[in-house]
Each structure stands twice: as C-alpha cells, then as structure tokens.
There are 2 protein chains.
Amino acid sequence: MARRSDHSREQIKEMALQATEKILIEQGLAGLSTRKVAAAIGYTAGSLYLVFENLEDLLLHVNVRTLEKLFQTLQGSANDCPEVQTCLRNMALAYITFAKDHPNLWSAIFERQWQNEMPDWYNDKIAHLFQLVEDKFQQLLPEARTDKVAQAVRAYWCGVHGVCMLGLTGKLDAISDHSTEELSNTLIDNFLFGLTSKKESRDD
Amino acid sequence: MARRSDHSREQIKEMALQATEKILIEQGLAGLSTRKVAAAIGYTAGSLYLVFENLEDLLLHVNVRTLEKLFQTLQGSANDCPEVQTCLRNMALAYITFAKDHPNLWSAIFERQWQNEMPDWYNDKIAHLFQLVEDKFQQLLPEARTDKVAQAVRAYWCGVHGVCMLGLTGKLDAISDHSTEELSNTLIDNFLFGLTSKKESRDD
DNA sequence: ACATTAAATTAAACATCGTTTAATTTGTCA
DNA sequence: TGACAAATTAAACGATGTTTAATTTAATGT
C-alpha cells in the first residue's frame, strides 16, 4: 500500500466533513459543490469519491452530525424543568432556537429531495431524537396505551417542525409578525391541554 | 413587429406553464430544466427568457397555480359541515389529500430555496389561503381579540403543514406507520379543544 | 539499491445545467 | 422590393456531479 499524502482515509473523511459543514454554514446548500469541498481540503473532486459514495452521501453524514448536535441541545433543555409540560415547551423552544442559530445546517436536512431512502444509521439518529420526546409524553400520560403516546409524540413533533419550517423560511411573515416562539407556545400549550384533559375520549 | 411562429407571447407563456407543470408532475423538481420545457413546446431554452425572468420565475408561476387549485380544494371542504371544528378537521384532511394527490406539485412549493423574496402577487395568494382558515377561527372564537385569532390560525396552519411535510417525505414512517390523517386529527382535535376550553387564559 | 507493483491522486472528459450573446430567420411597412 | 425590427435560435460560457484513464507516490521483493 502506498499513499502520497500523509492523510489516512479517515482523516480525509473528517476533513471533508468539516469543510462541507463550513461551506454549508457560510453559503448554504446552494453554494455547496464537490469541487469547493475538495479545494478546501487541498484535494480534487475525484478524491471525495474514494471516501464517500457521492455528494448526497457526504451531505447525509454532515446532516447526521447536525442531528447529533440537535440531540444534545434538546437533551439539555429537557432536564431541569419542574413539570413535564414545561419540558415539552422548552424542548420546542430549544428546537426553534437551534434552527435559528444554525439556519443553513438545519435546512440542509430538509431542503433536499433525496434520491435513495435514508440508511439505517440515519433513521436511528432520528429515532433517538423522537425518544427524547417520547419519554416526556410517557411521563405525561402514564396510563395511556403505547400507540396513543406514539401518536402524541408525532403530532407534537409535526407541530413544532411546522412552526419552525414556516417560521424560518419566512412563509408566515408575509401575513403577520408574531414571533415564532409565541406561536410554538400557543400550539404546544393548547395541544397538551387538550391531550391531558380528555384522556379517555375515543374518536377513531 | 414581426413574429415567426403564430404564437403570441401570452400563448407561449401558457404553453410553457403547462409543459412545466407536466414535467414537474412526472419527473419532480429534480427532473425539471429549461431545455426540457422548451423542447416540450417546440422552442429553445433562450426563448423562455423572453417570457419569464428565469427558471425561478417560471416555477413561481406554476406554484401559484398549484396554490389556486389548493384554494379551490380547501374552499370545497370548508362548506357543508355542521360544526366549525368539523370544517377545520376537513380542511386539514383536504390539505393532506391534496398533497398526496399532487406530491410533486406540492413539494415544488417548498423544496426549493428561493433566491429572491416572494413577489406580492404570490404572497397575496397565500394570504388568500390563510383567510379561508381565519374565517373559521373567527367563527370559532367570536369574542377573541384579532391577534389571538391570527395566532391560532398560524398555529393550526403550521401544525397541518408539519404533518403533511413529515408525513409525505417519509420522515415519520421510519418510526411508526400511523396514518397521516389520524395524526392530523389528533393534532387538530386536541389543539382546538385546548383553544376553546380556556379562552380566557393568559400566559404570555 | 533498484525494479516491481499496487494504491492514491489527479487531470481530463462527459453529459448536463441556467443564462447570456451574437447571429439568423421572419414578418411587416415604407 | 428593400429596409428595418422583432422573434428565434445556435452557440458560447461557466458551472455542476460523476466517471475514466493517466499519473504520481510509496512500500515491497529481490
């Protein structure tokens, strides 16, 4: 075996990931290209294909890192809160804050239409995130059936994500300028109130 | 003045819009290109720039048509319902159904990161859609302050959109397979219940 | 120490893209 | 009929993701 440079495959992989993240942060998904990434790490576009399947694969690895950071943030916001409702409130706000702080990284996860379906190691990270919310809902609804909790988790998640998406892409500002945080609280509070008030209702 | 073909500017515009829509439906946003559109209407890519600013402008015009269709659908679902809650339920379901029926047209509205901010004639169409929901909320909360209604509309809209987005892009299937419609109902019902139960609560 | 060999890396090619430019066709009017 | 202007195109430009063949590099066997 022989290699010209003193970078191992893993090193190149790491360098490429960091370079991609930097470009993504500074120029957004539209400003990302294989040649830019390669130039940033002193290599050529072709070399990236030795380490990643293609640009989509590279981007997927950056996204999973973003998901990990998001996980840390959400976990931190889910700890010291007296009531479960407060936790779920805070986690939503933490999600929104994260998206605002890292708009390009965050939207890189959703902006793209992926060719292949997500690999397992990626879906696992998302499940990891869901688990964080699910724990709280199990605490909130201790006697509820498993699938009811799962349903609540998804509804919550969709709501928060919707606020984030429409809020950050400015699709709401055209109409009014309510803050995204207020919107999130309105949605969560009312949803949770409804959920905890009529635990026994059957409507399906 | 002289023109080679017997197509007026308006005709070409219309032809291009229809061709774009067809390509979008069949091949998705990733399969769309100026050359394809031009070829489909028997012209050359350059000719499109006589009629549209650029591809983004062309796509925007297709999207506004999609919004108009969506408006018709929502309006239809908002008519014959005994209770307001039922209307809001149905409108959400209609939105989801529309997105499922026209997945590529629907996601073309959101998948792309736009260079320029939306023109007024586009934002107006969105406001038009919001109005449809706002009417129902005003009916639901006749005594509420205007901004509270506006807030509720946005929360509702974000929730529904979030369900749609995460549901259609398959970001939820990785975890469980609850139907998108059930999810929508869970979110809406609980949110509305919370909203109508504690009308007088103050928490901001 | 040197030739061999295989891996690492690149340069170049390919097909495509959005957009702009100059060239060409076309129809109308003096 | 000839001149002019609008309509349309062909071609060019710079850029993209990806693949290929060529080249460089370092370790190995002798």
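All values reported here derive from a predicted model rather than from experimental measurement. Throughout, protein chains are lettered first and strands after them, A, B, ... in sequence-line order, and every chain is numbered starting at 1.
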Touch class at under 4.0 angstrom, heavy-atom based, for B/Ile12 against every strand present: sugar-phosphate
Sugar-phosphate only, base, or nothing, as touched by B/Leu32 at under 4.0 Å among non-hydrogen atoms: sugar-phosphate
Report yes if at least one side-chain N or O of [X] is closer than 4.0 Å to OP1 or OP2 of [N]; otherwise report no.
| X | N | result |
| --- | --- | --- |
| B/Thr44 | D/dT8 | no |
| B/Tyr43 | D/dT8 | yes |
| A/Ser47 | C/dT10 | yes |

Quick one: which of [options] gets closest to the side chain of [X]?
| X | options | answer |
| --- | --- | --- |
| A/Leu50 | D/dA7, D/dT18, C/dA8 | C/dA8 |
| B/Arg9 | C/dT9, D/dA7, D/dT18 | D/dA7 |
| A/Leu55 | D/dT18, D/dT16, C/dC17 | D/dT18 |
| A/Thr34 | D/dG17, C/dG18, D/dT9 | D/dG17 |

What integer distance in Å separates [X]:[atom1] from [N]:[atom2]?
| X | N | atom1 | atom2 | answer |
| --- | --- | --- | --- | --- |
| B/Tyr49 | D/dA10 | OH | P | 17 Å |
| A/Asp57 | D/dT18 | CG | C1' | 14 Å |
| A/Asn54 | D/dT19 | CG | C1' | 13 Å |
| B/Leu48 | C/dT20 | CG | C1' | 14 Å |
| B/Leu59 | C/dG18 | CG | P | 11 Å |
| A/Ile41 | C/dT9 | CD1 | P | 10 Å |
| A/Phe52 | D/dG17 | CZ | C1' | 16 Å |
| A/His7 | C/dA7 | NE2 | C1' | 17 Å |

B/Lys69 NZ/CZ over B/Phe98 ring centroid, <6.0 Å and within 45° of normal: no
Charged tip of B/Lys125 within 45° of B/Phe71 ring normal and under 6.0 Å: no
Donor-acceptor pair, side chain of A/Gln11 and main chain of A/Ser8, under 3.5 angstrom: yes
Salt bridge flag under 4.0 Å for residues B/Glu14 and B/Arg65: yes
Mutual orientation of the aromatic rings belonging to A/Tyr95 and A/Trp106 [parallel < 30°, tilted 30-60°, perpendicular > 60°]: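 It falls in the perpendicular class, over 60°.
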Residue whose closest nucleotide on DNA chain C lies nearer the 5' end, B/Gly46 versus A/Gly46: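 The answer here is A/Gly46.
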DNA chain C: 5'-proximal contact among A/Ala45 and A/Arg35 (nearest heavy atom):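 So the residue in question is A/Ala45.
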